[in-house]
Amino acid sequence: MDKALTSLIDRSGLDPARVETLIARGLEGADDGELFLEYRQSEGLTFDNGRLKQATYDTAQGFGLRAVKDEAVGYAHASDISEAAVARAAEAVRAVKGGHSGTYADPPGRTNRRLYSDDNPLGEPAFEAKVKLLEEIDAYARAKDPRVRQVSASLGATWQVVEILRADGEIYRDVRPLVRLNVSVVCGEGDRQETGSHGFGGREGYQRFIDPTAWRNAVDEAVRQATVNLKAVPAPAGEMDVVLGPGWPGVMLHEAVGHGLEGDFNRKKTSAFAGLIGQRVAAKGVTVVDDGTISSRRGSLSIDDEGTPTNRTTLIEDGILVGYMQDRQNARLMDMKPTGNGRRESHAHVPMPRMTNTTMLAGDKPREEIIASVKNGLYAVNFGGGQVDITSGKYVFQCTEAYKIENGKVAAPVKGAMLIGNGPTDLHRISMIGNDFALDPGIGTCGKNGQGVPVGVGQPSLRMDKITVGGTA
């Protein structure tokens, strides 16, 4: 890590003792809270149709001071890290204190675990080498298949340093790299054009991303998807058995089920899973975990944005609901333990319970056996956008790559398929679980209450019975 960034307090020229006094004043009478300091560098390059279309570089810093009292939260933030700004913030958040002095919550525990390097990925390789990489991606994609008409490739990275200071004097630090590469292509035959895309990323430097084997695999996959879609026929509609592929299709689990297992929705009883701890909420064999401790994964964190070490939290075990994802505030109000899921987009945002890497664990069925068990249905391999209502659990998801299943065999690719259902209900419709568990390639970003954070998903192949499919046939 850059030695100048070892301490954000020191870098900003602040007096640590004075800052500690200001924090204590702001949080006097509060149950919990912290000063969250952030320094972030980010860059992004976009290469579109044979030319560098965009190159951005940004440096941002700031702080957010939070005071928590019961269910109330006072929050003040600024991009100016100065004693005067912290003092103003301390006066602003004092509005949430109770009528008497509260008992300040115990600090988070400590961890020596490091899930990623401190190294800044923006330093190497040089800008010219990154542009050359995107040029090579463009050329390789166009040479891959004569039907490729358009190519867009993007490369981006961030390096975030966070420092969390509490009124009891405890300090927590984390340095977080994040890199992602994405390739999109348009292939055409005659008047018909279809798209395909693939990307990969993680909390690491650029080394893996400039490896020709890795980026060529991404291009190959994007071209494959686009050419498959050129042959796609209108999707059937109606109620049918659906097989989900492994890996990225776990985004449906993330949206339709995962958000409903976050602590705040359950404390407020706005989740379909509220009050169901210890009850069966899914078919036997279904185990869902949120794991922020997987090395170098996009959704992983050594500590969350409150200083709590991340965990591997079991949410559903063999179909029984056993836990929720918690930040400190919701855990305290629900008389549970924090799980290391307190996350925020930046210093300008309050933390809340958020997913890290949310997955369904593997079963024992080969994928071929699962597909063969379906007489007529849909095999959904890749997903695009989706919508979900947390309170009811109802969802709609668009399939970007899907196939008919006819007499137990994968048949023609289809276009325009939508999966429509209810997450809590459809957990009971899982009848076969594959032995081919996979994580997504590292591309997920989750939105909640206007905040976006990087996440991961994963699952094995699944058979879901009697799912409503919206189609165009």
Side-chain angles (χ1 to χ4, degrees), residues 41-58 121-122 125 127 129-145 148-159 176-187 193-229 245 247-251 254 296-300 357 381-386 398-401 438-447 452-458:
Q41 295 178 345
S42 60
E43 69 175 1
L45 290 82
T46 301
F47 201 84
D48 191 37
N49 281 333
R51 64 187 180 90
L52 185 64
K53 185 176 182 180
Q54 187 176 44
T56 61
Y57 180 85
D58 181 64
L122 278 68
F127 175 80
K130 294 167 187 172
V131 175
K132 184 174 184 295
L133 169 63
L134 295 175
E135 290 175 340
E136 291 176 345
I137 289 173
D138 181 272
Y140 178 80
R142 295 179 187 279
K144 179 72 178 177
D145 193 298
V148 173
R149 295 180 177 178
Q150 295 180 15
V151 180
S152 178
S154 62
L155 186 66
T158 63
W159 187 64
R176 303 166 177 172
L178 190 65
V179 178
R180 176 177 170 178
L181 183 147
N182 196 78
V183 181
S184 297
V185 301
V186 176
C187 292
Q193 293 190 149
E194 299 290 348
T195 62
S197 66
H198 189 72
F200 62 104
R203 293 200 179 278
E204 56 192 298
Y206 275 119
Q207 183 174 359
R208 180 166 66 102
F209 298 82
I210 62 178
D211 180 347
T213 300
W215 63 255
R216 285 174 183 167
N217 285 341
V219 175
D220 292 348
E221 177 61 18
V223 173
R224 184 197 66 79
Q225 287 183 26
T227 54
V228 164
N229 286 331
W248 177 245
V251 68
H254 168 104
S296 301
R297 293 298 303 181
R298 181 174 171 85
S300 295
N357 304 297
V381 179
N382 274 303
F383 286 94
Q398 176 189 5
C399 300
T400 56
E401 182 183 357
L439 291 165
D440 80 283
I443 59 175
T445 298
C446 172
V453 296
V455 295
V457 299

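Sequential numbering from 1 along the given sequence is applied to the chain's residues. Only this structure's heavy atoms are used, side chains among them; waters, hydrogens and symmetry mates stay out.
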Item checked: For S296, all residues meeting side chain to side chain contact (heavy atoms under 4.5 Å, CB included), sequence neighbours excluded -> none
Next item on the list: Quick one: list whatever passes side chain to side chain donor-acceptor pair (under 3.5 Å) with R208, sequence neighbours left out.
Entry: E204
Notebook entry, point to check: What pairs with R203 under side chain to side chain donor-acceptor pair (under 3.5 Å), at least two apart in sequence or on another chain?
Noted result: none
Item checked: D220 bridged to R224 by N-O distance under 4.0 Å -> no
Margin query: Determine whether a donor-acceptor pair (N or O, by modelled atom type, separation under 3.5 Å) exists between the side chain of D440 and the backbone of V457.
Written below: yes
Item checked: T400 side, atom OG1; N229 side, atom CG - distance, nearest 0.5 Å -> 7.5 Å
Next item on the list: Could you pull out all residues at least two apart from D145 that satisfy side chain to side chain donor-acceptor pair (under 3.5 Å)?
Entry: R147
Next item on the list: Starting at CD of E43, measure out to OG1 of T158 and round the result to the nearest 0.5 Å.
Entry: 10.0 Å
Next item on the list: Go through the structure and list residues passing side chain to side chain contact (heavy atoms under 4.5 Å, CB included) with Q398, not counting sequence neighbours.
Entry: M418
Next item on the list: Mind running side-chain contact (heavy atoms from CB on, under 4.5 Å) on L45 and L133 for me, showing each step along the way?
Entry: CA-CA 11 Å; L45 290 82; L133 169 63; over 6 Å; no
Next item on the list: Check step by step if side-chain contact (heavy atoms from CB on, under 4.5 Å) holds for V183 and V185.
Entry: CA-CA 7 Å; V183 181; V185 301; 4.3 Å; yes
Next item on the list: Scan side-chain atoms only and decide if S154 and R180 contain a donor-acceptor pair under the 3.5 Å cut-off.
Entry: no
Next item on the list: For Y206, check ring-ring contact (aromatic ring centres under 6.0 Å, His included) against everything at least two apart and list the hits.
Entry: none
Notebook entry, point to check: Do you know the tightest heavy-atom contact between G205 and P121?
Noted result: CA-CB, 3.9 Å
Check: Can you check whether R298 reaches T445 side chain to side chain, under 4.5 Å on heavy atoms?
Finding: yes
Check: What distance do D48 atom CG and D138 atom CG have between them, rounded to the nearest 0.5 Å?
Finding: 9.0 Å
Check: In Å and rounded to the nearest 0.5 Å, what is the OG to CG distance from S152 to N182?
Finding: 8.0 Å
Note to self: Check whether N217 reaches the backbone of T213 with its side chain - one donor and one acceptor, N or O, closer than 3.5 Å.
What the structure shows: yes
Item checked: N382 and E221: CA distance, side-chain angles, deciding distance, side-chain contact (heavy atoms from CB on, under 4.5 Å) verdict -> CA-CA 12 Å; N382 274 303; E221 177 61 18; 4.3 Å; yes
Notebook entry, point to check: At what distance, to the nearest 0.5 angstrom, does OG1 of T46 lie from NZ of K53?
Noted result: 8.0 Å
Margin query: Testing V151, V228, V148 one by one against V223 for a side chain to side chain contact (heavy atoms under 4.5 Å, CB included), which residue passes?
Written below: V148
Notebook entry, point to check: So, the side chain of W248 versus the backbone of F383: is there a donor-acceptor pair under 3.5 Å, distance only?
Noted result: yes
Item checked: Check: W159 main-chain N/O paired with Q41 side-chain donor or acceptor under 3.5 Å -> no
Next item on the list: Anything under 30° is parallel, anything over 60° is perpendicular, the rest tilted; go ahead and classify Y140 against W215.
Entry: perpendicular
Check: With distance as the sole criterion, is a donor-acceptor pair present between the side chains of N357 and S300 under 3.5 Å?
Finding: yes
